[in-house]
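Quick notes on the structure that follows.
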Protein chains: 2
Amino acid sequence: MKTYPDELAKVRLAVDVVVFTYDEDKLKVLLIRRQQAPYAGRPALPGGFLWAAETTAEAAARILHDKAGVTGVFTEQLFTFDAPKRDPRGRVVSVTYYALVPSAELRLEPGIASQAPALHAVDDSGKLAFDHSSIVDYAAERLRSKLAYTNAAYSLLPERFTFSQLQQLYEVVLDRSLDKRNFRKKYLSLGLIEPTKEQLSGGRHRPAQLYRFVTRRPIELPAPAF
Amino acid sequence: MKTYPDELAKVRLAVDVVVFTYDEDKLKVLLIRRQQAPYAGRPALPGGFLWAAETTAEAAARILHDKAGVTGVFTEQLFTFDAPKRDPRGRVVSVTYYALVPSAELRLEPGIASQAPALHAVDDSGKLAFDHSSIVDYAAERLRSKLAYTNAAYSLLPERFTFSQLQQLYEVVLDRSLDKRNFRKKYLSLGLIEPTKEQLSGGRHRPAQLYRFVTRRPIELPAPAF
DNA sequence: ACAAAAGTGTTGTTACTACACCCATGG
DNA sequence: CCATGGGTGTAGTAACAACACTTTTGT
């Protein structure tokens, strides 16, 4: 049995952000390419060390601003990863966040240190630096449940969207196909969205009704409960 | 716009644990009494600084062992609290955990520095040191949803228990009353528990069938889904 | 005999699943 | 006129909510 610490941990605190977007009918993550060792050349999550004057949430907002060019998007703390050997340089504990960004709002800043932030399909992002692959997996799982019991979808879609787009988003994130009629019925009954007066024409097919979210702020749906 | 950090944050990492137990038909939390400033005399969560050789999960296990006398109980990372002024002594980021312990397994160690670890009803624990009141609230909220879609109740009940005990636990945690027949029907249909051959007699009333959880490891129930 | 908790079914309502055809448009 | 995605209804089934009385024991 341990009684006294060898010493208190001298850790550095990092903040990493999983930036999800929905683009070309795929769920994508924003990844940068690491320039230095360790894991030079590997794709990695945008992140960095915590500054003295900021909270981790502020650090996440800063990273979102610098690497994705967005502010005020849906952001939530995900998990704190602290395996002792997750960073070969020493003890780094990472407080992770995930964010949802409509692809139209993303401004990938290619200038930054040629880290080349770019979108990668979540299913096909290869092996990432550090434990970032597990972080992305964990975030994707969290996203699945978020979509199921909140209106978080508003954060991944343009302001106005068709029912098909909404359904495809759910199909991609939940990774299974859904019945069109049942999905419409159920989603409309949630009262989260309303039809606009506009329609989307241009396809060589019948124009689609455009919908919008009634409120573009996080709403929790009442849980099924006991 | 910030461009460079004044300096990287020199933070200390703490681990605090919300130890829940179900005792005397109430949901309770384990609290110690702080001996030193800040907040001397105030009740607080058991916790401490992270040691060099351990992960935060190991630190949580250590705290559980030292303050509650238990090992191997249900423990899960809760949230990382990092408001800059949460600790007046300086920048302390706390990675919090919550744990579920059957009251019979708790061994409150009164010897330890007269911190007097003791159980307090969650609804009535007064104002705690630091931001620990918010941490307890957040943990209670998490516990509510855990009970709703996992078998986590096994971690708060003795190995064998009556249906009434189970229902009371749910009523206390969810903070509303449930219909006896509907609760039995639904809970039995989940297949999480099975009747034992024993009954509990002794009350001045009909003896109650004793049940046990089929598996005393975490199980997720399939979500309602879209 | 009585107090106290254990145990048990039915009915109406609501949500879920599965399933197939016509519509409006652009080319 | 045809290819493309948009849009709609119904019927069977399963889950949920509401509700009251009988049983077994100890005192």
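In what follows, chains are A, B, ... by sequence order, proteins preceding strands, each numbered from 1. Any value given below was found using the heavy atoms of this structure, including those in side chains, with hydrogens, waters and symmetry copies removed.
- Among residues two or more places apart in sequence or in another chain, the side-chain contact (heavy atoms from CB on, under 4.5 Å) test is passed with Ser155(B) by Phe74(B), Leu100(B).
- Annotation: ring pair (Phe, Tyr, Trp, His ring centres under 6.0 Å) contacts of Tyr170(A) (sequence neighbours excluded): Phe183(A), Tyr187(A), Phe226(B).
- The CG atom of Leu166(A) sits 15 Å away from the C1' atom of dG7(D) (whole-angstrom rounding).
- Sorted pairs that involve residues 176-193 of chain A and meet salt bridge (charged side-chain N to carboxylate O under 4.0 Å, His left out), not counting sequence neighbours, are lacking altogether.
- Note that CZ of Phe20(B) is 14.0 Å distant from NZ of Lys28(B), once rounded to the nearest 0.5 Å.
- For Arg160(B), the salt bridge (charged side-chain N to carboxylate O under 4.0 Å, His left out) test picks out Glu198(B), with sequence neighbours left out.
- Within residues 193-215 of chain B, the residues approached by DNA chain C to less than 4.0 Å at the level of any non-hydrogen atom are Arg204(B), His205(B), Arg206(B), Pro207(B), Ala208(B), Gln209(B), in residue-number order.
- A search for salt bridge (charged side-chain N to carboxylate O under 4.0 Å, His left out) contacts involving Arg42(B) returns nothing, not counting sequence neighbours.
- DNA chain C lies under 4.0 Å from at least one heavy atom of each of the following residues of residues 177-189 of chain B: Lys180(B), Arg181(B), Arg184(B), Lys185(B).
- Chain B approaches DNA chain C within less than 4.0 angstrom (heavy atoms of the protein), and the contacting nucleotides run 5' to 3' from dA3(C) to dT10(C).
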Side-chain donor-acceptor distances from residues 128-136 of chain A under 3.5 Å, at least two apart:
from      : atom 1 : to        : atom 2 : distance (Å)
Asp131(A) : OD1    : Arg86(A)  : NE     : 3.4
Asp131(A) : OD1    : Arg86(A)  : NH2    : 3.0
Asp131(A) : OD2    : Arg86(A)  : NE     : 2.8
His132(A) : ND1    : Leu45(A)  : N      : 3.0
Ser133(A) : OG     : Leu128(A) : N      : 3.1
Ser134(A) : OG     : Asp131(A) : O      : 3.2

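- Residues passing the ring pair (Phe, Tyr, Trp, His ring centres under 6.0 Å) test with Phe79(B) are Phe81(B), Tyr138(B), sequence neighbours excluded.
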Distance-only donor-acceptor hits, side chain of residues 204-220 of chain A, under 3.5 Å, sequence neighbours excluded:
from      : atom 1 : to        : atom 2 : distance (Å)
Arg212(A) : NE     : Glu194(A) : OE2    : 3.1
Arg216(A) : NH2    : Tyr154(A) : O      : 3.4

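- With sequence neighbours excluded, the residues that form a side chain to side chain donor-acceptor pair (under 3.5 Å) with Ser94(A) are Asp16(A).
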